[in-house]
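Comments concern the structure below.
Residues: numbered from 1 along the sequence shown.
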Amino acid sequence: MGGRLSGWLINLHLWLPVRLSPPLSRPQLAEARRVRAVELFEDGVSNAEIARAVGVCSESVRRWRRVWEEGGASALRRRAASGRPPKLDDAQVETVRAALEQGAQAHGFEADLWTLERVGAVVERATGVVLSRASVWRLLTGRLGWSLQRPERRAVERDESEIARWIAHEWARIKKGP
């Protein structure tokens, strides 16, 4: 049973934004659940009810409650990702975005299609950083929010007016049957 309240969806005590652009990442969604759980802890709601409300198992709620009791709400906040820092900083990513938005032909490629190799070459020219194919893919899909688009295959000889004529006359005749 959900309702709307100024751009928020209220569903079983879990508040999540309705308009998500870009959508919440998994870590952001997990943090939103923990933050809501803290609000419910403070209201004295039972672990079982919180688990149902935020859509997790009761063991997770018990673990969150222990952490909350020991370290407060800040202990349940998301921490910065560990591991190697990205090769490109935010300014470099924006430089790459601007370069890619010019199109492949603007960078000397014959067809206006992007491949991982082409994007990697543009990244190297624009920033001086060499990325592997996997890193180029993560840059495109993760940091730039692009998705794979395959060009539509069409015959060079395709005649749209002949297709329209065939659909209007021949297809209608075949569809009606004898």
Point to revise | Pairing of Arg52 and Glu49 as salt bridge, 4.0 angstrom limit | key: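 Salt bridge absent between Arg52 and Glu49.
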**Study point:** Charged N-O contact under 4.0 Å between Arg165 and Glu162
**Key:** yes
Do you know which two heavy atoms are closest between [X] and [Y], and how far apart they sit?
| X | Y | result |
| --- | --- | --- |
| Gln92 | Lys87 | OE1-O, 3.6 Å |
| Thr95 | Ala126 | CG2-CB, 4.2 Å |
| Asn47 | Arg65 | OD1-NE, 2.6 Å |
| Ala37 | Val54 | N-CG1, 4.4 Å |
| Ala111 | Ala104 | O-CB, 3.5 Å |
| Ala75 | Val67 | CB-CG1, 3.6 Å |

**Study point:** Asp159, CG atom: more than 12 neighbouring heavy atoms under 6.0 Å
**Key:**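 Counting other residues, nucleotides and ligands, CG of Asp159 exceeds 12 neighbours.
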Revision key, fill the gap. Excluding Leu100, membership of its hydrophobic cluster (Ile, Leu, Val, Met, Phe, Trp, Tyr; side-chain heavy atoms within less than 4.5 Å) reads Leu88, Val93, Val96, Phe109, Trp114, Leu116, Val119, Val122, Val123, Val129, Leu131, Val136, Trp137, Leu139, Leu140, Leu144, Trp146, Leu148
Roughly how far, to the nearest 0.5 Å, is [atom2] of [Y] from [atom1] of [X]?
| X | Y | atom1 | atom2 | answer |
| --- | --- | --- | --- | --- |
| Ser46 | Phe41 | OG | CZ | 10.5 Å |
| Arg150 | Leu113 | CZ | CG | 11.5 Å |
| Ser74 | Arg79 | OG | CZ | 9.0 Å |
| Arg66 | Glu69 | CZ | CD | 9.0 Å |

**Study point:** Contact check, side chains of Arg118 and His107, non-hydrogen atoms, under 4.5 Å
**Key:** no
Verify, without hydrogens or angle tests, whether [X] (side chain) and [Y] (backbone) share a donor-acceptor contact under 3.5 angstrom.
| X | Y | value |
| --- | --- | --- |
| Arg34 | Leu76 | yes |
| Glu110 | Gln105 | no |
| Arg33 | Gly55 | no |
| Asp43 | Val45 | no |

Exercise for review: Could you note down all residue pairs passing side chain to side chain donor-acceptor pair (under 3.5 Å) where residues 119-130 supplies at least one of them, sequence neighbours left out?
Suggested key: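 Residue pairs passing side chain to side chain donor-acceptor pair (under 3.5 Å), neighbours aside: none found.
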Check your understanding: Same cluster or not: are Val35 and Val61 linked, directly or through other Ile, Leu, Val, Met, Phe, Trp or Tyr residues, by side-chain heavy atoms under 4.5 angstrom apart?
Key -> no
Review point. Do Trp171 and Ile163 share a hydrophobic cluster (ILVMFWY, side-chain heavy atoms under 4.5 Å, transitive)?
Key: yes
Review point. Taking atom types as modelled, is there a side-chain donor on Arg138 or Ser135 under 3.5 Å from an acceptor on the other?
Key: yes
